[in-house]
Protein chains: 2
Amino acid sequence: MSSTSQRARSGEAGAAADTRERIVRSASRLFQRQGYEASGIKLIAREADATLGSVYHFFPGGKEQLAVAAIRHGEEEFADMLRAGLEGDADAARAVEAFCGELATALRKSDWADGCPVTTTALETLGRVPAIQEACQGALRCWQEVIADKLRRSGFAAEEAGELSATVLSTLEGAETLSQIHRSEQPLRAAGRHLAVLLGAVHAE
Amino acid sequence: MSSTSQRARSGEAGAAADTRERIVRSASRLFQRQGYEASGIKLIAREADATLGSVYHFFPGGKEQLAVAAIRHGEEEFADMLRAGLEGDADAARAVEAFCGELATALRKSDWADGCPVTTTALETLGRVPAIQEACQGALRCWQEVIADKLRRSGFAAEEAGELSATVLSTLEGAETLSQIHRSEQPLRAAGRHLAVLLGAVHAE
DNA sequence: ACGCCTCTGGAACGAACGCTCTAGTCAGAC
DNA sequence: GTCTGACTAGAGCGTTCGTTCCAGAGGCGT
């Protein structure tokens with residue numbers, strides 16, 4: 001993962017690697033908040049306290065390569081949040097509902113700005129930038145697998161868990177978008193309740 | 001260009017209105033496919049067989065005003081599709097599932113390009129262009145009301161229909177996005193099946 | 001016939017875009 | 001010391017952006 005050997009120094013903790021990560025984090029946050037096209041590389045660099053030279057040093061592939069890195073960063077960040085959130089309750093239905101509540105609270109706290117870290121970029125570049133689309137596919141697959149794993153450990157059959165996890169993720173994504181646009185926790189809260197009902201109904205079969 | 005004399009030939013009353021509508025349709029389709037920021041006004045005009053002068057004549061408020069008109073156009077278009085699709089079956093659960101199938105087929109036929117006509121633009125401009133955000137809120141509210149109406153006519157209590165319609169729309173939006181990114185009908189098909197289960201479970205209570 | 005008004009066509013503007021380029025700084029290897 | 005390679009800094013490239021502006025074209029009331 002680390003690029004070279006110059007981070008062996010521990011005192012200042014790899015200034016270069018640190019710059020790279022600041023750039024990725026800045027890009028990820030800007031893409032999440034206002035999308036790919038509206039986030040200029042110069043702005044990304046400024047927000048990361050870096051310069052254009054640094055950006056193109058670490059990402060010679062330009063904005064596209066930076067976007068792929070940013071998507072992957074968002075993938076891991078949200079996967080961690082998802083795993084942690086679903087651990088709270090042994091019952092999958094209650095865990096999913098609780099996670100919707102967490103998502104709603106976090107979204108409101110960011111003034112409805114920090115939604116899904118990949119959806120906006122994914123929709124903007126669909127069918128036009130294959131590398132970005134593949135990164136987004138990977139992120140969604142990762143999150144879906146986290147959900148499917150929780151469902152399986154909660155007693156769902158493997159095949160059923162695979163299909164249900166797709167719908168759970170779809171509903172989470174859609175409800176998050178609706179909550180952002182309406183500036184209201186209601187869509188996410190309703191989604192949580194109804195996903196719990198759905199999981200309960202399927203489980204009872 | 002033969003466009004100089006086409007008006008004299010047709011002699012129809014709405015020649016100007018026709019240009020305006022071509023511009024709106026072109027804008028709506030481009031915003032739907034590649035978002036607000038990536039769709040330049042010059043490209044919109046070209047695709048509509050219009051000129052910059054025409055665009056700024058009909059939309060002196062510039063790109064923002066054009067976007068609002070495009071969103072409203074998409075709102076009506078999708079509302080019609082939703083109403084027609086839900087009419088197919090008296091039972092709301094089966095109607096919703098069938099509509100998911102229609103959506104999936106249409107999406108595949110467009111090579112996964114023609115998704116929700118407002119989501120991309122909405123996410124890109126969230127919190128930065130109030131007029132566009134309000135138009136998007138209006139579109140979502142309209143579609144949700146179409147769904148809620150179907151649920152009420154299908155025997156759901158008014159309050160329940162209001163909440164359920166939010167989740168149905170969330171799931172539709174999210175599943176459409178997932179289908180586009182994965183280039184697969186599967187997320188939409190699964191969403192349809194599970195929404196039918198959910199509506200059945202709530203109805204049985 | 002005339003002027004009036006709506007609508008069209010496109011040149012031009014400043015700003016911002018992604019990106020390239022070169023000069024410079026700095027740490028460690030020799 | 002000198003060299004080397006990784007990293008920083010930012011001026012500047014060509015292009016495209018949204019927008020403005022104005023000179024016409026066409027239909028219409030008079």
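In what follows, every chain begins at residue 1, and chains take the letters A, B, ... in the order their sequences are listed. Just so it is clear, the structure is predicted and the values come from calculations on it, not from any experiment.
- Comment: A:Arg33 engages A:Asp114 in a salt bridge, judged by a side-chain N to carboxylate O separation of less than 4.0 angstrom.
- Listed nucleotides D:dT8, D:dG10, D:dG18 differ in distance to B:Ile41; the shortest reach to its side chain belongs to D:dG18.
- Ionic pairing of B:Glu163 and A:Arg193 is present here: one or more N-O contacts between side-chain nitrogen and carboxylate oxygen are shorter than 4.0 angstrom.
- Going from atom CZ of A:Arg20 over to atom P of D:dC7 covers 10 Å, rounded to whole Å.
- When the local axes at the two ends of the helix from C:dG3-D:dC28 to C:dC30-D:dG1 are compared, using 5 base pairs at each end, they differ in direction by 20° after rounding to 10°.
- Between A:Leu43 atom CG and C:dC19 atom C1' there is a gap of 17 Å when expressed in whole angstrom units.
- Here D:dT19 presents its P atom at 11 Å from CD of B:Gln65, a figure rounded to the nearest Å.
- The closest donor-acceptor contact from the side chain of B:Lys109 to the backbone of B:Ala104 lies at 3.5 Å or more, if one exists at all.
- Computed from coordinates, the A:Ile23 CD1 to D:dA9 P distance equals 11 Å when rounded to whole Å.
- If you check every strand for non-hydrogen atoms under 4.0 Å, A:Gly40 touches sugar and phosphate atoms only.
- Salt-bridge annotation for B:Arg189 and B:Glu176: absent, with no side-chain N of the basic residue lying under 4.0 Å from a carboxylate O of the acidic one.
- Salt-bridge check for A:Glu47 with A:Arg29: passed, with a basic side-chain N closer than 4.0 Å to an acidic carboxylate O.
- Between B:Glu185 and B:Arg108 there is a salt bridge, with a side-chain nitrogen of the basic residue lying less than 4.0 Å from a carboxylate oxygen of the acidic one.
- For A:Ala79 against A:Cys142, the heavy-atom pair with the smallest separation is CB-SG, 3.9 Å.
- Using a 4.0 Å cut-off on heavy atoms, none of the residues of residues 125-133 of chain A approach DNA chain C.
- Under the 30°/60° scheme for interplanar angles, the aromatic rings of B:Phe78 and B:Phe99 are found to stand perpendicular.
- Distances from the side chain of B:Thr51 to the nucleotides D:dG10, D:dT19, C:dG9 place C:dG9 closest.
- Residue order along DNA chain C, read from the 5' end via each residue's closest nucleotide, puts B:Val55 first among B:Val55 and A:Glu64.
- Across the protein-nucleic acid pair, B:Lys63 atom NZ and D:dT20 atom P stand 14 Å apart, rounded to whole Å.
- D:dC17 atom P lies 10 Å from atom CD1 of B:Ile44, rounded to whole Å.
- In the set C:dC17, C:dT20, C:dT6, C:dT6 carries the atom at the smallest distance from any side-chain atom of B:His57.
- Following rounding to the nearest Å, A:Phe58 (CZ) and D:dA9 (P) show an atom-to-atom distance of 11 Å.
- Distance from the side chain of B:Ser54 is smallest for C:dT8 among the nucleotides C:dT8, C:dC17, D:dC7.
- A salt bridge links A:Glu21 with A:Arg25; the closest basic N to acidic carboxylate O contact falls under 4.0 Å.
- Rounding to whole angstrom units, CZ of residue B:Phe59 and C1' of D:dG18 are separated by 15 Å.
- Regarding contacts with the backbone of D:dC7, every side-chain N or O of A:Thr19 stays at 4.0 angstrom or more from both OP1 and OP2.
- Looking only at atom types and distance, the side chain of B:Glu173 has a donor-acceptor partner in the side chain of B:Thr119 under 3.5 Å away.
- With D:dT19, C:dT20, C:dT8 as the choices, the nucleotide that has an atom nearest any side-chain atom of B:Lys42 turns out to be D:dT19.
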